[in-house]
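Reviewing the structure listed below.
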2 protein chains.
Amino acid sequence: MVGRPRSEQARRAILKAALRLCERDGYPNVTLKGIAEEAGAGRQTLYRWWDTKADLLLEAMTDLVGSSHAPSQAGLETFLSETFALADGAIGRIVAGLMAEAQSDPALGERLRERLIGPRRDALRAVLERMPPPPGADLDLLVDMIFGAMWYRLLNRHAPLDSALAGDITALVARIAASPGPHGDLPG
Amino acid sequence: MVGRPRSEQARRAILKAALRLCERDGYPNVTLKGIAEEAGAGRQTLYRWWDTKADLLLEAMTDLVGSSHAPSQAGLETFLSETFALADGAIGRIVAGLMAEAQSDPALGERLRERLIGPRRDALRAVLERMPPPPGADLDLLVDMIFGAMWYRLLNRHAPLDSALAGDITALVARIAASPGPHGDLPG
DNA sequence: AAGATTTCGAGGCAGCATGTCTCGTATTGA
DNA sequence: TCAATACGAGACATGCTGCCTCGAAATCTT
């Protein structure tokens, strides 16, 4: 491999410009052309390293929130409150835009699951397993219903995504944990 | 009001062409131009009566599934199985596309909630209220988590949307109903 | 030091969809 | 008969995409 190496400075400028434009204009109104101009980069530089706008923003998002996928020692309510707080702001709008775009781009959907949604699911699952007592139910179903409610509110916007929801969900999960489950694993 | 009346024949031809193209090419690949040609209509005729492609498809969808919002006498598992079966096919892909487009069009989101999502929520709520015994929990939260899981799988496609999910959810809700709730409304 | 290779910013180009406009025609009520 | 409106058809400007080229810069190999 010879030749001029990729400019890390240009890469950072482009990702930063993309995030800035998303905050200012909203994800759907951002164009690759606009990002290039905002970053002072050539358009071909973007097309060389990313296939689509969504790809570019996905990399920007993983750079941003990738660290928060580390195994959390927090309880369920805290974990959900922090997650909802993240999803309620500009980051949430971008992720919603990515999910929207994934409806017309299956390959993007795959990358989204691998890099963002999958790790987040794993983190929630770990928190549920550590609960005293553990719910003793199908954890994958619980994850689907908890994060399902989050995505439902994020995309449909019929109700806020706040700590009240985190509390309500936590209470419901505790109630499930205290109920006679299919495995007969009631505490005591 | 004088002048030539709106052609109901043209309206039906356009809606039908839109649905046909959605099945053939997928919602995101359908264009107003293509719909007009497929329907043998002028493009201005589409722009006169609908603001966007999403508006047009939303009308087509409500014409299709509007009747299924009638109060159902079915149990939870049957209701969910039927709903998931609807959402798992071509209709589901169209609705997913509408939800995706609503991320960049708040007015469309509003219409979507009013005409499709709201009525469906009400129907599920009614089914939950009629359960023996009723869950005795926050029904709105339950609706969020059940339809949340549905939307989550519809959009993220990490797991199938089938009758197995309907069964699992029904079992979990039954378990919640049988648990000591915040209102102390255990049967017996 | 010289040359090959690759990236860089910049911009031209065709292709496609959008949304507006115009045209001639058809259909209704006054 | 006449005004008003919808109809099918198509032209037009606009904006974004994705590919192409250009000259310059940066790095490795020889």
Side-chain angles (χ1 to χ4, degrees), chain A residues 1-18 20-22 24-60 94 97-98 100-108 111, chain B residues 1-18 20-22 24-59 94 97-98 100-108:
Chain A
M1 249 263 288
V2 272
R4 179 177 178 170
R6 177 177 183 182
S7 162
E8 180 64 19
Q9 183 183 350
R11 175 182 168 274
R12 264 199 281 267
I14 289 168
L15 293 182
K16 197 172 168 183
R20 187 164 49 236
L21 288 184
C22 275
R24 200 189 68 188
D25 303 331
Y27 171 88
N29 300 317
V30 172
T31 67
L32 285 176
K33 187 179 189 152
I35 296 173
E37 287 168 3
E38 175 84 5
R43 217 140 41 94
Q44 192 61 23
T45 302
L46 277 71
Y47 284 106
R48 196 184 340 260
W49 299 110
W50 297 278
D51 284 340
T52 64
K53 171 180 74 162
D55 252 326
L56 200 159
L57 263 301
L58 177 56
E59 182 168 331
I94 297 178
L98 290 176
E101 206 141 301
Q103 300 311 305
S104 53
D105 182 351
L108 170 63
R111 285 189 289 267
Chain B
M1 249 261 292
V2 269
R4 179 177 180 172
R6 177 178 184 181
S7 163
E8 181 63 19
Q9 183 183 351
R11 175 182 167 274
R12 264 198 282 267
I14 289 168
L15 292 183
K16 197 172 169 184
R20 188 164 50 236
L21 288 184
C22 276
R24 201 189 67 188
D25 303 331
Y27 171 88
N29 300 318
V30 172
T31 67
L32 286 176
K33 187 177 190 159
I35 295 174
E37 288 168 2
E38 175 84 5
R43 221 142 38 98
Q44 191 61 24
T45 303
L46 276 71
Y47 283 105
R48 196 186 338 264
W49 300 110
W50 296 279
D51 284 342
T52 63
K53 172 180 73 163
D55 253 326
L56 201 160
L57 263 301
L58 177 56
E59 183 168 330
I94 296 178
L98 289 175
E101 205 141 302
Q103 299 312 304
S104 53
D105 182 351
L108 169 64

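In what follows, chains are A, B, ... by sequence order, proteins preceding strands, each numbered from 1.
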Exercise for the section: Can you tell me the distance, in whole Å, between the CG atom of B:Leu56 and the C1' atom of C:dG19? Expected result: 15 Å
Exercise for the section: Rounded to the nearest 0.5 Å, what's the gap from CD1 on B:Ile14 to CD on B:Gln9? Could you check? Expected result: 10.5 Å
Handout entry: d(CD, B:Glu8; P, C:dT27) in whole Å
Key = 17 Å
Handout entry: Side-chain heavy atoms of B:Ile35 within contact of B:Glu38, under 4.5 Å
Key = no
Practice task
State whether A:Trp49 places a side-chain N or O below 4.0 Å from either non-bridging phosphate oxygen (OP1 or OP2) of C:dT6.
Solution key: no
Practice task
Indicate, yes or no, whether a donor-acceptor pair under 3.5 Å links the base of C:dT7 to the side chain of A:Arg4.
Solution key: yes
Exercise for the section: Figure out the CD/C1' separation between B:Gln9 and D:dC7, and round it to whole Å. Expected result: 11 Å
Handout entry: B/S/- contact track for nucleotides 14-21 of chain D, protein heavy atom under 4.0 Å
Key = --SBBBB-
Exercise for the section: Return the value, rounded to whole Å, for the distance between atom CG of B:Leu46 and atom C1' of D:dC7. Expected result: 12 Å
Exercise for the section: Say whether, by atom type as modelled, one donor and one acceptor occur between the side chain of A:Lys53 and the main chain of A:Ala18 under 3.5 angstrom. Expected result: no
Practice task
Look at A:Thr45 and C:dG9 and indicate whether a side-chain polar atom (N or O) is within less than 4.0 Å of OP1 or OP2.
Solution key: yes
Practice task
Examine B:Arg11 relative to B:Trp49 and say whether NZ or CZ is less than 6.0 Å from the centre of the six-membered ring and inside a 45° cone about the ring axis.
Solution key: no
Handout entry: Length of the line joining B:Ile35:CD1 and C:dA17:C1', which is rounded to integer Å
Key = 12 Å
Completion exercise
Among the nucleotides D:dA6, C:dT28, C:dC8, whichever has the atom closest to the side chain of A:Arg6 is C:dC8
Exercise for the section: Please determine if A:Arg12 and A:Glu8 form a salt bridge, counting it only when a charged side-chain N lies under 4.0 Å from a carboxylate O. Expected result: yes
Exercise for the section: Determine yes or no for a side-chain-to-main-chain donor-acceptor pair under 3.5 angstrom, with B:Lys16 supplying the side chain and B:Ala39 the backbone. Expected result: no
Problem - Rounded distance (Å) that lies between atom P of C:dT7 and atom CZ of A:Arg11 - result: 16 Å
